[in-house]
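Scroll down for the structure; my scribbles are underneath it.
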Amino acid sequence: MFKSLRIKARLRRFARFHPRVNFAIRSTIMFMAAFGGAYGFLSASRSEQSGYDPRAFALGASFLFAVACVALAMLSMRMRWLRHKMRKIALHNESLIDRNWELKEAEERARNLFESQGDLILRRDAEGRITYINKACLDFIQKPRREIVNTTFAFDILEQGEAAIETDGTRVHDQRIDSPLGPRWIAWRESLVRPDAGHPSEVQCVGRDVTDRAETERALGDARDYANAANRAKSKFLATASHEIRTPLNGIIGMSGLLLDTPLTPEQVTYAKAVKTSGEALLSLIEELLDFSKIEAGKIDLEQRPFQIGALIEEITELLAPRAHARNIEIASYVDERLPIEVVGDAARLRQVLLNLAGNAIKFTQVGGVALIVEPGIWPDEISFLVRDTGIGIAPDAQSRIFREFEQADERIARSYGGSGLGLSISERIVRRMGGRITLESTVGQGSTFEVAVPLKTSDCTPMPAFTVPDMSGKSIMLVAPQTIESALIARRLERWGVHTCCVSDIFVAQALLPERSWHAILVDHALGASDVQDFGAAAIPHTPRRIAMFTPAQRHDLQPEAMAAFNGYLVKPLRAASLAARLSDNPPPLAPESPDESAEACPAPADKGLSILVAEDNEINALLMRSLLTRLGHHPVISVNGQEAFESWLAAETAGTPYDLVLMDVQMPEVDGISATRLIRDREAGRSAPRTKILALTANTLVEDRYACFEAGMDGFLIKPLDRDKLAEALTGVVPSPHLAA
Ligand code: ADP
């Protein structure tokens, strides 16, 4: 079957390719058939034995005639069909010619396009021979086409950039090529293309001259490196300069402090205080400059540690309260109880930002006060810190400017308030680094509100709340205060606890309201005047069991016991939420006002048994200051003027069996510095069983690297110069004197 089909196919192919032979064969067959038939009839009709029958003959003849007619008819039909097919083929042929022409045109257009490109275009076959090169490329190498096509021509490469492969397989890389026009940077894109069906793929390279861009990038890179180096040098310079300035400042602040402790005339006290205040102002300016340079150099590393928001805000408020109260303005805080107690972040940096904002708020407010409000932010995990004041306000045109460094809203006004114009720009950068933002709303003459919104994650551990929120639903409390900043925040807190509050600013109106309700408590601000407050307290006795007076720490010192007789509780402003809750509870604590500044006010008592302290300090004035401060604190200082002397003194004391309790080691000293002296001491201590001597660095360097260097050398802590008596006393608490001195 297949064999016969194959034969037929071959015959058909033969007939298609040799039509004349086919025609001759067919004509011969037909002629022979006709001739054979006719001859057969004729010879049969003339033969004697054939038994000629005219009828049969007629039948045969007509049959043959019919067959011939059918064959002719079929031939004619086939001819018509073939003609029809021919016409179709001719039409198809015409359309193919058109297509071909179009393709040629498209090819020509593509070629023109390639040729007119400014980019260098060339194609190479699998062996690396160039199959196509455009005019731009020929101009670039300045050679005729015939010298390049079909050769393995290669560019003279001076520098090769790194190559990268894109997702579609295109390879991109830069090359610096030596051309007759000079060295040029070419950015290449290489991809595989298939020129014709049935032909192997070729590599098409398209190169763009990016010399200008590359040179600009290189120049920018050089400029950036130069700027970074300059920035580093600037930071180093600032650190060194600030160190150098801090050292004499240490003397100025410390010595004026000591001077103020001596008997002085009132005039001398004024002068000595002015020296101390100016020294402190200079110190804070240096600190701001140093901080700014650290931020500029991108050197702020944020800590991620859990801290309590409530404690942080109350601490800031209490720290700034003396300043606010000295200006006769209020300061108060409110932390929304919906917020988590503990969050994770950099508490020290947040404190720095809020201290700057609240410090400014106090500085620029003369009437009213400052409120620190903490609420949930608009995003999950975001906390919003609002610092609101009723101060001079900021004009709209200055509102964005003041966040830039060394900018002040109004130079004239700023001069009378002081300041460097750096605080807000430092704060803004810190907040941005935390992933947050600072915004400002202000009206001139009415006040400003700075909002710091930062993302702070809730801490994993759930600390004990600072106090239990009391349930005082339905109870009534009257708040009598002349100013509204603190009383409004106290009222807001009380209302959260379910209290009906009644805020009154006139004490006589308050007295008239006493019989109106049964009051759970009344809170009266002592700022209303001692005798009025005393009278009001007495009048309130029949109406409420809890009569609470509120006053600032400074007012407390002026209080006469009889003025407080009608009261059975008091609270120190700014109020702590925990104290308020405790005072309003059914079992209030005994009458002992907790004072935020009590500890600060308390002068460190001289140590019972003085410590034996080795001080390594090369600066004569600072050494004198250290000696005076330590002696006043009841200790026994020994001064060495360099590291070598300090080490020898330490060694002598050890050998004599009277070791020092503490070494205060200046870091920068001539000959052997503090780091090397510490190493000498630690090396000597290694391997022995006696406890090692505590060494604290005395340094004016505040850079993190310097701190690391001290810890690496084996020091136990830091004391940053300029040093005051409180800082020193704090650092010395916990150091146990050795028995030889106690004895
Ligand atoms: P400075 O050390 O001068 O206070 P800041 O960067 O902290 O520097 O503040 C820049 C300027 O912004 C201030 O000089 C002041 O003009 C303006 N400013 C900042 N806070 C307030 C505020 N609460 N009320 C009015 N003006 C303010």
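Whatever order the structure lists ligands and atoms in, that order sets their numbers, starting from 1. Keep in mind the model is a prediction, meaning the values are calculated, not measured.
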Using 4.0 Å as the upper bound for N to carboxylate O, is an ion pair formed by R349 and E303?
no
Looking only at distances, can you tell me whether any N or O atom of S425, backbone or side chain, sits closer than 3.5 Å to an N or O atom of ligand 1?
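N/O-N/O distance under 3.5 Å: no.
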Considering only heavy atoms of [X], which atoms of ligand 1 have at least one such atom less than 4.0 Å away?
| X | value |
| --- | --- |
| L424 | 5 (P), 6 (O), 7 (O), 9 (O), 10 (C), 12 (O), 19 (C) |
| I402 | 11 (C), 12 (O) |
| A361 | 23 (N) |
| L422 | 6 (O), 8 (O) |
| G423 | 5 (P), 6 (O), 7 (O), 8 (O) |

Under-4.0 Å heavy-atom contact with ligand 1, by part of [X] that carries it:
| X | result |
| --- | --- |
| D389 | side chain |
| L357 | neither |
| I394 | side chain |

Looking at [X] and [Y], would you say the former's side chain and the latter's main chain have a donor-acceptor pair under 3.5 Å?
| X | Y | result |
| --- | --- | --- |
| T365 | I362 | no |
| E486 | L575 | yes |
| N356 | G423 | yes |
| E617 | L664 | no |

Nearest heavy atom to atom 4 (O) of ligand 1, choosing from N360, I426, N356, belongs to N360
Would you call S448 a ligand 1 contact, heavy-atom distance under 4.0 Å?
yes
Should F450 be listed as contacting ligand 1, given a heavy-atom distance under 4.0 Å as the test?
yes
E375 and S384: side-chain donor and acceptor closer than 3.5 Å?
no
Would you check if the distance from the ring center of F718 to the ring center of F711 is below 6.0 Å?
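Centroid distance F718-F711: below 6.0 Å, so yes.
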Taking the side chain as everything from C-beta on, heavy atoms only, tell me whether R496 gets closer than 4.5 Å to Y334.
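SC-SC contact between R496 and Y334 confirmed.
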